[in-house]
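Any value given below was found using the heavy atoms of this structure, including those in side chains, with hydrogens, waters and symmetry copies removed.
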Amino acid sequence: MSQREYHIVVLGSGGVGKSCLTAQFVQNVWIESYDPTIEDSYRKGIMVDGRHVVLEILDTAGTEQFTAMRELYMKTGQGFLLVFSITSMTSLHELAELREQIIRIKDDMRVPIVLVGNKSDLEEDRAVSRARAFAVSQSWGGCPYYETSARRRANVDEVFTDLCRQIILKDMKDAQVRDYDNPRRPHRNQRYPDRDSGGRTGRRTGEGSGRRRPKKKERCTIL
Ligand SMILES: Nc1nc2c(ncn2[C@@H]2O[C@H](COP(=O)(O)OP(=O)(O)OP(=O)(O)O)[C@@H](O)[C@H]2O)c(=O)[nH]1
Ligand SMILES: [Mg+2]
């Protein structure tokens, strides 16, 4: 079974719990103290739907000063956990700009993103209603919304697994498009590999080739 490696970036304002979530997921530890992050990276292997994948997780600084660095990890990241604290409406608002920046830098509206409302154990200090956060996730193309508690280790595995699942799905769709667009590579579902004498495996276009491909525009509609 092939092993895939995916790059995940954890983003959000300072103090919302990015490092605590990451530490719980990777090391199963709870960190009570607050030590602002500069930048940390972790690796963890997990099983997702029967596949073994390795996650390379970048825990970023909430108080970001180096925009150039941010652009770099937004380019290399394949999936993003956008974290706010349910005790701070400002921390939710600040995510909108980050999301726009991700989409702009990657030039792709379909970037895998999970919206995470952390500190769900602090219900009495809640400043962001579930409905409000869910509405935001819907306005972001229906990305998943989870409430987590790093303190109680609630929904921690779920957010990373969901994001990973989205990345895998996108990877598969992108691979399909590449297969279609690269005439030198046979399509993985090609049914008649021996039909062309001389072992040609490229795309056939002419009348009577026996296999007609949909026009490019139609392919996009399917995806
Ligand atoms: N009650 C509660 N406190 C939390 C939770 N997650 C984090 N905290 C606390 O919030 C503080 C900040 O947590 P961090 O994980 O360091 O926050 P961060 O988002 O990494 O902050 P920066 O590195 O500055 O961007 C710490 O004191 C944590 O103990 C949670 O789920 N519940
Ligand atoms: Mg941190």
Side-chain angles (χ1 to χ4, degrees), residues 1-12 17-29 37 39-60 69-83 95 98-99 101-116 118 137 140-146 148 150 153-191 193 201-203 219-220 222-223:
M1 193 183 301
S2 66
Q3 177 175 296
R4 298 276 173 145
E5 193 172 310
Y6 295 118
H7 291 260
I8 284 180
V9 184
V10 188
L11 285 164
K18 300 179 296 297
S19 300
C20 287
L21 280 171
T22 309
Q24 277 286 24
F25 178 63
V26 178
Q27 298 157 336
N28 282 288
V29 293
T37 308
E39 191 174 287
D40 291 316
S41 67
Y42 304 84
R43 280 170 74 82
K44 182 176 163 99
I46 55 166
M47 290 298 285
V48 179
D49 304 331
R51 290 157 197 263
H52 186 250
V53 298
V54 174
L55 301 184
E56 180 86 38
I57 303 162
L58 189 71
D59 174 24
T60 66
M69 237 163 71
R70 188 190 268 178
E71 287 201 6
L72 187 68
Y73 60 62
M74 283 184 177
K75 266 193 192 125
T76 50
Q78 293 164 284
F80 299 84
L81 284 186
L82 295 192
V83 186
L95 292 180
L98 284 173
R99 177 182 171 264
Q101 198 177 355
I102 293 167
I103 288 170
R104 197 170 54 243
I105 285 172
K106 298 195 84 69
D107 193 22
D108 188 350
M109 286 294 289
R110 303 169 306 130
V111 185
I113 287 176
V114 170
L115 178 62
V116 180
N118 188 42
S137 74
W140 291 359
C143 84
Y145 171 57
Y146 288 85
T148 59
R153 210 183 189 287
N155 270 345
V156 173
D157 293 338
E158 285 79 355
V159 290
F160 283 92
T161 305
D162 192 321
L163 184 60
C164 190
R165 206 169 266 136
Q166 283 193 59
I167 299 172
I168 292 171
L169 212 65
K170 183 167 190 295
D171 217 25
M172 282 162 59
K173 285 182 178 174
D174 289 349
Q176 270 176 2
V177 172
R178 274 198 305 275
D179 280 355
Y180 275 123
D181 287 347
N182 186 347
R184 281 170 299 185
R185 281 176 54 188
H187 187 265
R188 64 173 77 159
N189 293 329
Q190 194 165 1
R191 285 192 194 157
T201 53
R203 174 166 14 192
R219 282 206 312 266
C220 291
I222 294 163
L223 290 172

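The salt bridge (charged side-chain N to carboxylate O under 4.0 Å, His left out) check on Glu56 picks up Arg43, with sequence neighbours excluded. Scored by the side chain to side chain donor-acceptor pair (under 3.5 Å) test, Asn28 finds Arg153 as partners (sequence neighbours excluded). Asp171 is linked by a salt bridge (charged side-chain N to carboxylate O under 4.0 Å, His left out) to Arg4, counting only residues two or more places apart in sequence or in another chain. Residues meeting the side chain to side chain donor-acceptor pair (under 3.5 Å) test with Thr22, sequence neighbours left out: none. With sequence neighbours left out, Arg99 forms a salt bridge (charged side-chain N to carboxylate O under 4.0 Å, His left out) with no residue at all. Among residues two or more places apart in sequence or in another chain, the side chain to side chain contact (heavy atoms under 4.5 Å, CB included) test is passed with Asp162 by Val114, Pro144, Tyr146, Gln166. Residues satisfying the side chain to side chain donor-acceptor pair (under 3.5 Å) test with Ser19, not counting sequence neighbours, are Thr37, Asp59. The side chain to side chain contact (heavy atoms under 4.5 Å, CB included) search around Lys106 returns Phe80, Ile102, Asp108, Val111, not counting sequence neighbours. Listed by chain and residue number, Glu71, Met74, Lys75, Gln101 satisfy the side chain to side chain contact (heavy atoms under 4.5 Å, CB included) test with Ile105 (two or more places apart in sequence, or in another chain). Residues passing the salt bridge (charged side-chain N to carboxylate O under 4.0 Å, His left out) test with Asp49 are Arg165, sequence neighbours excluded.
Residues Tyr6 and Ile168 have side chains in contact (heavy-atom distance under 4.5 Å, counting atoms from C-beta outward). Between Leu95 and Trp140 there is a side-chain heavy-atom pair separated by less than 4.5 Å. Side-chain contact between Ile46 and Phe25 is present, with heavy atoms from C-beta onward closer than 4.5 Å.
In terms of heavy atoms, Thr148 sits closest to Val159 at CG2-CG1, 3.7 Å. Here the closest heavy-atom approach between residue Cys164 and residue Val48 is recorded as SG-CG2, 3.8 Å. The minimum heavy-atom distance linking Lys170 with Pro112 is given by the pair CD-CD, 3.6 Å. Between Lys44 and Val26, the shortest heavy-atom distance links the atoms CD-CA, 3.8 Å. Taking both residues in full, the closest heavy atoms of Val156 and Gln24 are given as CG1-CB, 4.1 Å, listed atom of the first, atom of the second, then distance.
If you take CG on Leu81 and CG on Leu58, they are separated by 11.5 Å, rounding to the nearest 0.5 Å. How far CG of Leu98 is from CG of Leu82: 6.5 Å, rounded to the nearest 0.5 Å. Expressed to the nearest 0.5 Å, how far CZ of Arg70 lies from OG1 of Thr60 amounts to 8.0 Å. Taking CD from Glu5 and CG from Leu55, the interatomic distance works out to 9.0 Å, rounded to the nearest 0.5 Å.
Taking a cutoff of 4.0 Å between a charged side-chain nitrogen and a carboxylate oxygen, Asp40 and Lys18 do not qualify as a salt bridge.
Side chain of Asn118 to backbone of Ala150: a donor-acceptor contact under 3.5 angstrom is found.
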